[in-house]
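Heads up, the thing below is written out as structure tokens.
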Amino acid sequence: MQTSSTILQGPLLSGLMELGQLKELPRGATLFRQDDPGEFVFILLDGLIEISVTSHAGRKSVLAHCGPGEVLGEISVLDGKTRSADAVALKDCKGRVVWRRDLMAYLARDPEANAALIEALCGRIRNASDMAATNALTSASARLAHCVLRLGDKWGAPDDGAIRITEPFSQAELGAFAGLARENVNRHINRWSKDGIITFDNGQITILDLRKLEDLTEV
């Protein structure tokens, strides 16, 4: 499995940390909404934030989940356009806000920071491409399997020969991520659990048979 991480490291992270102002978000709070002006970037230090879009018909599609060390909202800050998605805290979060004027001034005087931010942006593009590939899958089983693998790429930790996804995700959240109804997700999870492919316990997902789960993406 390959991952498309947008986690910041090194000089860019430390530089932005110095510029940023501390901000806390309780679970369920909105960091920004689609079409808001891009006034700041947010460096997530602790917690989990969901990035999603909602259609005119009211259907929500989850694009990504962001964890500690990741930067959010950089695209609209850099191009001066409005936000392209909603960002909502799935748990209590803490981070630092860097305002556009401070970010642009910092990038203007530090070429290495520019290169690091470009690398982070490439991760966003890869994530978008991966999401498009998931949405192109016609089989519900394949789409859900692909999404579980993506979560395993990002949040997976070795666990006695299995892969435990360290962040909990409800069946409704998995459905929004895969573009499926919760009932459909429940049906596949129950089947996969019986087949020894994964376990699902109160939102805690463990991949027991990685090869079989990967095979499901080809169905």
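Being a predicted model, the structure only gives us computed values, none of them experimental.
Between Asp110 and Tyr106 there is a side-chain heavy-atom pair separated by less than 4.5 Å. The closest side-chain heavy-atom distance from Arg187 to Arg182 is not below 4.5 Å. For the pair Cys66/Ile51, a side-chain contact is recorded, criterion being any heavy-atom separation below 4.5 Å from C-beta on. Between Ser52 and Leu63 the shortest side-chain heavy-atom distance does not fall below 4.5 Å. A heavy-atom distance below 4.5 Å is not found between the side chains of Asp46 and Asp92. Considering only heavy atoms from C-beta on, Leu90 comes within 4.5 Å of Glu173 through its side chain. In this structure, Lys23 and Phe42 have side chains that are in contact, with non-hydrogen atoms separated by less than 4.5 Å. Side-chain atoms of Leu44 and Leu72, non-hydrogen and from C-beta on, do get closer than 4.5 Å to each other.
At least one donor-acceptor pair closer than 3.5 Å links the side chain of Asp209 to the backbone N or O of Lys212. Judged by distance alone, with hydrogens and angles left aside, the side-chain atoms of Gln204 form a donor-acceptor pair with the main-chain N or O of Ile165 at under 3.5 Å. For the pair Thr54 (side chain) and Gly58 (backbone), a donor-acceptor distance under 3.5 Å is absent. Judged by distance alone, with hydrogens and angles left aside, the side-chain atoms of Asp195 form no donor-acceptor pair with the main-chain N or O of Ile197 at under 3.5 Å.
Closest approach of Gly47 and Cys93 over heavy atoms only: CA-SG, 3.8 Å. Residue His188 comes nearest to Ala140 through the heavy atom pair NE2-CB, 3.8 Å, listed as atom of the first residue, atom of the second, then distance. Taking each heavy atom of Ser76 and Gly38 in turn, the nearest pair found is OG-CA, 3.5 Å.
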Requested in this report: Kindly indicate, with the supporting measurements, whether the criterion side chain to side chain contact (heavy atoms under 4.5 Å, CB included) is fulfilled by Ile49 and Leu25.
Outcome: CA-CA 10 Å; Ile49 291 181; Leu25 291 169; 4.2 Å; yes
Requested in this report: Begin from the C-alpha positions of Phe200 and Val148 and carry the test side chain to side chain contact (heavy atoms under 4.5 Å, CB included) through to its verdict.
Outcome: CA-CA 11 Å; Phe200 184 89; Val148 173; over 6 Å; no
Query raised in the report: Would Thr82 and Asp36 count as a side chain to side chain contact (heavy atoms under 4.5 Å, CB included) if you check the C-alpha gap in whole Å, the side-chain angles of each, and the deciding distance to 0.1 Å?
Result: CA-CA 5 Å; Thr82 57; Asp36 281 353; over 6 Å; no
**Report entry** Glu50 and Lys60: CA distance, side-chain angles, deciding distance, salt bridge (charged side-chain N to carboxylate O under 4.0 Å, His left out) verdict
**Finding:** CA-CA 11 Å; Glu50 177 187 88; Lys60 185 176 82 168; 2.9 Å; yes
Requested in this report: Given side chain to side chain contact (heavy atoms under 4.5 Å, CB included), test Val53 with Ser84 step by step and report yes or no.
Outcome: CA-CA 8 Å; Val53 295; Ser84 59; over 6 Å; no
**Report entry** salt bridge (charged side-chain N to carboxylate O under 4.0 Å, His left out) between Glu39 and Arg83, intermediate numbers included
**Finding:** CA-CA 9 Å; Glu39 299 174 332; Arg83 304 292 191 188; over 6 Å; no
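The hydrophobic cluster containing Val88 does not contain Phe177, counting ILVMFWY residues as joined when their side-chain heavy atoms lie under 4.5 angstrom apart, directly or transitively.
Side-chain atoms of Thr206 and Arg164 form no donor-acceptor pair, as typed in the model, at a separation below 3.5 Å. In summary, the side chains of Asp86 and Gln34 do not present any donor paired with an acceptor at a separation below 3.5 Å, with no hydrogens or angles considered. Between the side chains of Arg143 and His146, no donor-acceptor pair of N or O atoms lies under 3.5 Å.
Screening Leu208, Thr199, Ile207, Ile198 for a side-chain contact (heavy atoms from CB on, under 4.5 Å) involving Trp192 leaves a single residue, Ile198. For the side chain to side chain donor-acceptor pair (under 3.5 Å) with Lys154, the qualifying choice from Glu70, Glu167, His65 is Glu70, the only one to do so. Tested against Ile75, the residues Val77, Asp79, Leu78 include a single side-chain contact (heavy atoms from CB on, under 4.5 Å) partner, Asp79.
Ring planes of Phe169 and Trp155: tilted class, angle from 30 to 60°.
The distance from the CG atom of Leu22 to the CD1 atom of Ile43 is 11.5 Å, given to the nearest 0.5 Å. One distance of note links OG of Ser139 with CG of Leu144; it measures 9.5 Å at 0.5 Å rounding. The distance from atom CG of Asp159 to atom OG1 of Thr166, rounded to the nearest 0.5 Å, is 11.0 Å. The CG atom of Asp215 sits 7.5 Å away from the OG1 atom of Thr217 when rounded to the nearest 0.5 Å. To the nearest 0.5 Å, atoms CZ (Arg150) and CG (Asp153) are separated by 8.5 Å. Atoms CZ and OG, on Arg191 and Ser193 in that order, are 11.0 Å from each other to the nearest 0.5 Å.
Environment of NZ in Lys91: crowded, with over 12 heavy atoms of neighbouring residues, nucleotides or ligands closer than 6.0 Å.
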